[in-house]
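In each ligand, atom 1 is the first atom listed, and ligand 1 is the first ligand listed. Below, each value reflects all heavy atoms present in this structure, side chains not excepted, and no hydrogens, waters or symmetry copies.
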Amino acid sequence: MKVLLTGGAGYIGSHTAVELMNAGCDIVIADDLSNSCREVVKRIEELGKKTVRFYEIDVCGEDALEQVFSENDIDAVIHFAGKKAVGESVAKPLMYYKNNLDATMNLLEVMQRHDVDKLIFSSSATVYGVPKVVPIDEKQPTWCTNPYGWTKYMSEQIMRDVCAANPKLSIVLLRYFNPIGAHESGLIGEKPNGIPNNLMPYITQVAVGKLKELGVFGNDYDTPDGTCVRDYIHVTDLAQAHILAVKYLMEGNESNIFNLGNGVGFTVKEVIETARKVTGKPIKAVEEGRRAGDPAVLIASSEKAKNILGWKPEHADLEEIIASAWKWHSSHPQGYCSVQKEDK
Ligand code: NAD
Ligand code: UDP
């Protein structure tokens, strides 16, 4: 079976590529390297023990994507490609709408032209906005608080509409909660790109000494210690869910939506404390005001993924998950740059 991964050189895509290859699939990656680099592809090949057909292309480009489908018999597509920084999306909304929506629409068009009718999409818990009920199941209403979130919300709607018009097409929307951690080898992980937005890469950058201190956004939420609660899921467990989703679609099942989280929440302070224990570093943290748009608590109900896909996340222990992130970051403080002159 041949699976195309758009954005497959990125953080979640690279881990999924390795797991797919280890499950016996052939992989094609299409990535413009706007947030990744060629070294990732080499490492995917090393860990997956097979060569990867790699296209350095912008998925928004019709001719370039057409070539990928003409040259490969693709059975299913996993669409990771997209920009993902919430703050940047607020500052540059058009860049986000253009990149993330054009990529989605172009991909759907080219897939249909080539009769490829199985697609898995990287969506996000961000589509639940500020939820009224936790744990959050897939029936909760959706709404967003920033342009990045809206690109996920709109991509989902575009996909539902295209499925309604073309009954041959089946699409699985995977709504990730907070992916952290890295491959057990420590060879691939999340690329530290400038000043991180997300908690985990920020913590590890403070731990390796690249950043001085961490800001804790808000201490007056209605949570056990006043800081926000999130559901952190190991990236390799997330990768496994993609394999199960591919299998689900290949067996002829209908379009569906699945939340992917551990179903357990940790506060920001708990994450920092655990990271201090794992790294042995002081990790200076200073309390700051709330970050706009942050819901107090986001915890997934992933019962549906467990029941229908047979998904069983294996890493529920926060210490273990953070240790895997630390193995990667402490050995690659500059990301993949440590082995290449430029980060490309
Ligand atoms: P990432 O930035 O590491 O990976 C995305 C990849 O897509 C990068 O390699 C980038 O170079 C590529 N890309 C971006 N635009 C492209 C384009 N137009 N054409 C070709 N390639 C393009 O991000 P990630 O953390 O691996 O996230 C993967 C997907 O999952 C994204 O769609 C993201 O929005 C979604 N997601 C991520 C998180 C998270 O916390 N990491 C949470 C929920 C959803
Ligand atoms: N957070 C923080 N300091 C940071 C980055 C994040 O206190 O430098 C908090 C943030 O307010 C949220 C939690 O950590 O409550 C997780 O944030 P992240 O951006 O990783 O994920 P998101 O909340 O967007 O799902």
If you measure from each heavy atom of Y232 to ligand 2, is any distance below 4.0 Å?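 Y232 counts as a contact of ligand 2 under the 4.0 Å cut-off.
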Looking at ligand 1, is there an atom of it that comes within less than 4.0 Å of some heavy atom belonging to T126?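 No; T126 lies far enough from ligand 1 that no heavy-atom distance drops under 4.0 Å.
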Is a donor from one side chain sitting under 3.5 angstrom from an acceptor on the other, for [X] and [Y]?
{"X": "H234", "Y": "S324", "value": "yes"}
{"X": "E71", "Y": "Y55", "value": "yes"}
{"X": "Y128", "Y": "N259", "value": "yes"}

Around [atom], find the nearest protein heavy atom and jot down its residue, atom name and distance.
{"atom": "atom 39 (C) of ligand 1", "result": "P179 CG, 3.6 Å"}
{"atom": "atom 15 (O) of ligand 2", "result": "C228 CB, 2.9 Å"}
{"atom": "atom 18 (P) of ligand 2", "result": "N198 ND2, 3.5 Å"}
{"atom": "atom 21 (O) of ligand 2", "result": "N178 ND2, 3.1 Å"}
{"atom": "atom 19 (N) of ligand 1", "result": "V59 N, 2.9 Å"}
{"atom": "atom 24 (O) of ligand 2", "result": "R291 NH2, 3.3 Å"}
{"atom": "atom 17 (C) of ligand 1", "result": "D32 OD2, 3.4 Å"}
{"atom": "atom 37 (C) of ligand 1", "result": "I12 CD1, 3.7 Å"}
{"atom": "atom 34 (O) of ligand 1", "result": "Y148 OH, 2.7 Å"}
{"atom": "atom 28 (C) of ligand 1", "result": "F80 O, 3.6 Å"}
{"atom": "atom 20 (O) of ligand 2", "result": "L199 N, 2.9 Å"}
{"atom": "atom 25 (O) of ligand 1", "result": "K84 NZ, 2.8 Å"}
{"atom": "atom 8 (C) of ligand 1", "result": "D31 OD2, 3.6 Å"}

Side chain, backbone, both or neither: which part of A103 has a heavy atom under 4.0 Å from ligand 1?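 The answer is neither.
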Which part of A125 is near ligand 1, with near meaning a heavy atom under 4.0 Å away: side chain, backbone, both or neither?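 The answer is neither; A125 stays 4.0 Å or more away.
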The answer for which part of L214 has a heavy atom under 4.0 Å from ligand 2 is side chain
Counting heavy atoms only, which part of F217 comes closer than 4.0 Å to ligand 2: side chain, backbone, both or neither? both
Close side-chain approach of I78 and L4, heavy atoms under 4.5 Å: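 No, side chains not in contact.
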Sole candidate of V3, L173, V172 that passes side-chain contact (heavy atoms from CB on, under 4.5 Å) when paired with I120: V172
Indicate yes or no: does an N/O atom of D294 lie under 3.5 Å from an N/O atom of ligand 2? yes
Show your working on salt bridge (charged side-chain N to carboxylate O under 4.0 Å, His left out) between D237 and K312 and close with a plain yes or no. CA-CA 8 Å; D237 281 330; K312 289 191 205 100; over 6 Å; no
Quick test of your reading of the structure: of M200, Q205, R290, R230, whose heavy atom lies closest to atom 12 (C) of ligand 2? R230
Suppose I only count heavy atoms of [X] and a 4.0 Å limit; which atoms of ligand 2 are within that range?
{"X": "G215", "answer": "2 (C), 3 (N), 4 (C), 7 (O), 8 (O)"}
{"X": "V216", "answer": "7 (O)"}
{"X": "V268", "answer": "7 (O), 9 (C), 13 (C), 14 (O), 15 (O)"}

Is there a nitrogen or oxygen of G10 sitting under 3.5 Å from a nitrogen or oxygen of ligand 1?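 Yes: some nitrogen or oxygen of G10 is under 3.5 Å from one in ligand 1.
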Any N or O of S123 that comes nearer than 3.5 Å to an N or O of ligand 1? no
Just to verify, what does K139 make a salt bridge (charged side-chain N to carboxylate O under 4.0 Å, His left out) with, not counting sequence neighbours? none
Does the plane of the ring in H15 sit parallel, tilted or perpendicular to the ring in H183? Use 30° and 60° as the thresholds. tilted
